[in-house]
2 protein chains.
Amino acid sequence: MRSGLRALAEIARIDEEADVVVVGLGCAGAAAAIEAAGAGARTVVLERASGGGGTSGLSGGVLYLGGGTKLQRACGFEDSPEAMFAYLMASVGDAPDELKTRLYCEGSVAHYDWLLAQGVPFKETFYLGVSGEPPTDDGLVWSGSERCHPFRDLARPAPRGHVPQHPHQTGHVLMRFLIESAKRSGARIETDARVTALVLDADGAVVGVVASRFGVERTIRARAVILATGGFIHADDMLRRHVPLALRCKVRVGAEGDDGSGIRLGMAAGAATLHMDKASISLPVTQPWGLKRGILVNAQGQRFINEDAYYGRLGEAALFHQGGRVWLVVDDEVFEEPDYVKRVAAAGETPDELERELGLPGGSLGATLALYNRFAKEGRDPQFGKQADYLKPLERAPFGAIDCTTDKAIYAAFTLGGLATDADGRVLDPEGVPIPGLFAAGRATSGLAVGSYSSGLSLGDGTFFGRRAGRTAAAG
Amino acid sequence: MRSGLRALAEIARIDEEADVVVVGLGCAGAAAAIEAAGAGARTVVLERASGGGGTSGLSGGVLYLGGGTKLQRACGFEDSPEAMFAYLMASVGDAPDELKTRLYCEGSVAHYDWLLAQGVPFKETFYLGVSGEPPTDDGLVWSGSERCHPFRDLARPAPRGHVPQHPHQTGHVLMRFLIESAKRSGARIETDARVTALVLDADGAVVGVVASRFGVERTIRARAVILATGGFIHADDMLRRHVPLALRCKVRVGAEGDDGSGIRLGMAAGAATLHMDKASISLPVTQPWGLKRGILVNAQGQRFINEDAYYGRLGEAALFHQGGRVWLVVDDEVFEEPDYVKRVAAAGETPDELERELGLPGGSLGATLALYNRFAKEGRDPQFGKQADYLKPLERAPFGAIDCTTDKAIYAAFTLGGLATDADGRVLDPEGVPIPGLFAAGRATSGLAVGSYSSGLSLGDGTFFGRRAGRTAAAG
């Protein structure tokens with residue numbers, strides 16, 4: 001059979017029988033295991049690293065949840081599944097999965113309660129300072145572009161970043177509780193176990209896996225296999241084929257296991273893939289937030305986005321639409337030390353001087369600033385709709401440009417494409433027909449974010465649809 | 001087995017034995033059949049329509065060839081494989097296939113001679129009037145952005161559109177000669193025969209096809225199957241998943257058979273796909289060429305491209321980077337009746353009035369025109385590098401805007417993504433390993449154009465790599 005596949009008829013020995021095998025112990029695998037084992041299925045989790053956690057454990061820990069969770073209400077925010085749905089459908093990319101998005105928004109309040117029930121702690125306080133990952137142990141944070149053009153006019157904004165309690169970067173907290181819960185549920189967890197092949201029966205159904213542990217191969221037969229193996233940000237060959245621009249990003253967000261191996265196993269078994277060309281690209285240049293008062297310009301000296309948008313949105317626009325050649329232009333009043341993107345590319349006493357230093361086309365930056373300043377004085381941004389809070393004419397010399405090119409700045413990338421699944425985690429073939437016995441969840445699949453990102457969608461999507469895959473697989 | 005696959009062991013009767021089965025009789029299938037049969041292989045071509053030709057037969061007939069073909073030399077143009085390679089590598093998208101591109105450029109002169117040997121007629125005259133498809137029977141034409149920024153500085157320009165002799169739209173001429181040649185070569189051609197499944201042996205190798213003809217199913221066993229089934233511009237479900245913006249294009253370029261069926265057959269057999277999100281999008285608004293003196297502006301009233309670029313390049317930029325919301329702004333001196341995009345969206349005595357009529361942000365169009373005009377007077381375009389021939393200040397009222405939005409204008413789309421193949425036409429699995437017995441060519445594969453197009457790449461690529469697939473399959 002092809003690479004990544006083994007025929008059941010040719011397997012000499014079955015070493016173990018299970019109901020459900022979960023491949024990978026990040027957030028999606030843990031959630032799947034909890035639900036599968038909780039439903040009474042004999043569940044085995046195989047993790048190739050020496051411990052669970054994966055990319056989820058290294059992450060900021062933000063879960064994108066809403067619709068009026070306990071935490072949102074405790075912090076005094078109103079939200080509704082409808083508002084959350086409208087925001088996500090408008091913001092996640094050109095081809096959102098409407099059914100997944102609807103289920104996610106309608107189930108979000110209950111999913112938060114489920115996280116609490118697993119013991120994951122959330123402090124019922126709100127942090128305003130940054131978007132994404134708070135440097136404090138606060139529980140709620142803005143984590144997307146909800147208050148920004150054009151989304152503020154499409155859906156009532158609410159902060160939806162739910163962050164387990166811990167000072168900064170709390171993915172490991174989430175994973176500690178989820179892994180403990182998986183163990184309590186009765187799932188058997190085996191680390192250092194790398195799945196090398198899916199076992200197919202004569203009808204093409206997936207009926208088990210071959211796993212290698214310290215060089216010893218074992219075969220586990222199972223009614224269902226759930227691939228929760230993560231994305232492919234560490235697979236240069238796949239990036240070159242599908243998202244070549246991601247190769248230019250200085251930071252690749254993902255544990256070592258995000259090498260696409262599970263996606264390729266699924267494809268070998270006949271799975272379709274979706275949105276393999278899409279990636280989340282964070283360009284964290286507007287931290288501290290006062291820097292949103294600057295303007296981002298491209299190689300033609302033009303603005304191209306409202307600078308108050310979520311830093312993931314800035315990165316996607318900068319890399320995919322401007323080829324990674326952008327600068328944040330500030331004046332003396334607006335300038336402050338950026339938290340992450342440190343290099344000043346040029347400075348000048350006039351816009352023309354700055355433009356020359358940057359090598360931008362003659363007159364372009366001056367024209368852009370003149371138009372921006374003219375309306376900023378009135379508290380308006382008719383071209384890009386930046387919030388009035390961040391509109392200030394850029395007039396006080398010297399002028400400076402923070403280098404946001406891919407050569408010099410932090411672009412933090414991870415992939416969004418993966419196996420095509422239905423909303424219950426069944427892996428689909430190119431005709432949209434489920435491959436019997438094969439399930440997937442998390443970054444190994446194409447999930448909620450199909451082209452554009454808000455912080456917390458990965459952990460939110462992974463746990464939510466991981467649970468659904470676990471339940472479906474257990475029900476067989 | 002899964003949809004699209006049949007196990008050899010379960011096939012009751014083999015109706016025919018062949019060496020090579022070619023699926024689809026467009027340019028790639030015809031070229032593959034000519035070479036396979038010419039090499040002595042028993043070759044059967046199955047075409048689901050009632051006659052051959054497919055999208056190739058409906059096309060303009062342009063083949064992108066160069067490197068110093070007889071036709072280029074007869075028309076007085078110098079070219080080299082190196083210049084052609086440099087142009088293609090820079091212009092076809094972010095992730096060009098270097099090996100395919102190199103082979104194509106190095107083999108282009110001989111490939112033109114091969115076309116002559118099949119009897120395809122080319123008149124040795126050059127047509128300057130338009131890019132793409134000449135309305136005359138001239139043989140050579142500019143068919144890309146070779147003379148435009150940034151390519152003119154990267155590679156010595158040469159016209160490379162080779163057009164079979166016939167007044168306008170000559171794809172049917174090409175196909176008539178190729179089909180005749182395929183018949184002479186000894187290939188058996190069966191029309192109205194739709195391949196519904198690939199036959200796999202126990203090792204997963206492709207060993208034949210099941211075809212349906214007027215409701216009667218037949219099985220043909222073969223050493224090799226070549227999928228030459230075209231793209232998927234008529235598969236709404238696939239467009240929705242992979243290229244949702246293409247659904248907004250008014251014109252879908254392709255014969256009915258371009259429904260992705262062959263791509264899905266290949267995927268069912270374990271093939272990887274590449275660049276499924278990419279499409280060629282033509283926006284033919286700069287014909288007559290004098291209209292290149294206008295400026296294309298986006299919804300922010302900004303320019304975004306050099307307007308002298310090939311109309312496919314304009315369409316890609318307008319749809320994929322500007323969301324299909326663009327207008328061609330002209331003044332009274334530049335305005336003339338466009339050939340294809342007819343609707344005037346607005347007119348005004350001043351830029352401000354035009355801007356209001358179009359609903360563009362206040363001051364934006366005036367600022368854009370002021371900057372453009374300032375440099376156009378000097379014969380320069382520092383922002384986008386439009387050729388001096390087309391630089392003229394737009395100052396003479398009234399001003400007008402030709403509607404180039406997807407709602408109102410012609411956007412002509414076809415897909416560029418497809419099965420992953422090596423340069424010899426072998427279909428590759430996700431690990432890059434050939435699937436035994438399976439080959440593909442033409443739009444069913446990811447070929448030379450991996451994200452951006454020049455006229456003639458489809459027929460050029462399809463015939464060139466179709467021939468290679470035919471030879472490899474026959475040698476198999």
Side-chain angles (χ1 to χ4, degrees), chain A residues 1-5 7 9 93-95 202-204 237-238 240-245 260 263-278 300-304 320-321 360-364 366-368 370-371 374-375 380-384 420 429-433 435 446, chain B residues 1-5 7 9 93-95 202-204 237-238 240-245 260 263-278 300-304 320-321 360-364 366-368 370-371 374-375 380-384 420 429-433 435 446:
Chain A
M1 298 209 89
R2 281 191 305 278
S3 171
L5 300 181
D94 289 325
D203 294 328
D237 58 335
M238 292 176 77
R240 201 168 292 120
R241 286 165 160 244
H242 298 293
V243 213
L245 288 171
I263 296 172
R264 293 198 302 269
L265 285 178
M267 291 169 78
T273 53
L274 284 176
H275 309 304
M276 294 291 279
D277 58 308
K278 296 299 193 290
Q300 284 76 42
Q302 302 170 314
R303 288 177 73 209
F304 58 92
F320 294 122
H321 295 293
L360 296 181
S364 61
T368 295
L371 186 65
R374 173 177 149 197
F375 289 102
R380 298 197 293 133
D381 176 16
Q383 269 189 308
F384 292 97
D429 76 8
E431 307 294 337
V433 178
I435 296 172
S446 171
Chain B
M1 300 210 86
R2 283 190 305 278
S3 170
L5 300 181
D94 288 325
D203 295 327
D237 58 335
M238 292 177 77
R240 203 168 290 117
R241 289 166 156 242
H242 299 293
V243 213
L245 288 171
I263 295 173
R264 294 198 302 270
L265 285 177
M267 291 170 78
T273 53
L274 284 175
H275 309 303
M276 294 291 279
D277 58 307
K278 297 297 193 290
Q300 283 76 41
Q302 302 169 314
R303 289 176 72 207
F304 58 91
F320 293 122
H321 295 292
L360 297 181
S364 62
T368 295
L371 187 65
R374 174 177 147 198
F375 289 103
R380 298 198 294 134
D381 176 16
Q383 270 189 305
F384 292 96
D429 75 8
E431 308 294 338
V433 178
I435 296 173
S446 171

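Note on naming: letters A, B, ... go to the chains in the order of the sequence lines (proteins, then strands), and numbering restarts at 1 for each one.
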Any idea which heavy atoms bring B:His321 and A:Phe320 closest together, and the distance?
CE1-O, 3.1 Å

Taking atom CD of A:Gln383 and atom CD of B:Gln302, what is their separation to the nearest 0.5 Å?
5.0 Å

Which pair of non-hydrogen atoms, one from A:Gly363 and one from B:Arg374, has the smallest distance, and what is that distance?
CA-NH1, 3.7 Å

Could you tabulate the donor-acceptor pairs under 3.5 Å formed by side-chain atoms of residues 266-277 of chain A, not counting sequence neighbours?
from	atom 1	to	atom 2	distance (Å)
A:His275	ND1	B:Arg241	O	3.3
A:His275	NE2	B:Arg241	O	3.4

Shortest non-hydrogen contact from B:Ser364 to A:Leu371?
CA-CD2, 3.8 Å

So what's closer than 4.5 Å to chain B heavy atoms on A:Leu265: side chain, backbone, both or neither?
neither

So, using salt bridge (charged side-chain N to carboxylate O under 4.0 Å, His left out) as the criterion, who are the partners of B:Arg380 when residues are at least two apart?
B:Glu378

Okay, B:Arg240 and chain A: the region with an atom under 4.5 Å from a heavy atom over there is backbone

Of the backbone (N, CA, C, O) and the side chain (C-beta and beyond), which part of B:Pro382 lies under 4.5 Å from a heavy atom of chain A, both, or neither?
both

All heavy atoms of A:Pro430 vs all of B:Arg264, minimum pair found to be O-CD, 3.4 Å

Contact class of B:Ile263 relative to chain A, heavy atoms under 4.5 angstrom
neither

Return the option, out of B:Gly362, B:Gly301, B:Ala367, with the maximum number of heavy-atom pairs under 4.5 Å with chain A.
B:Gly362

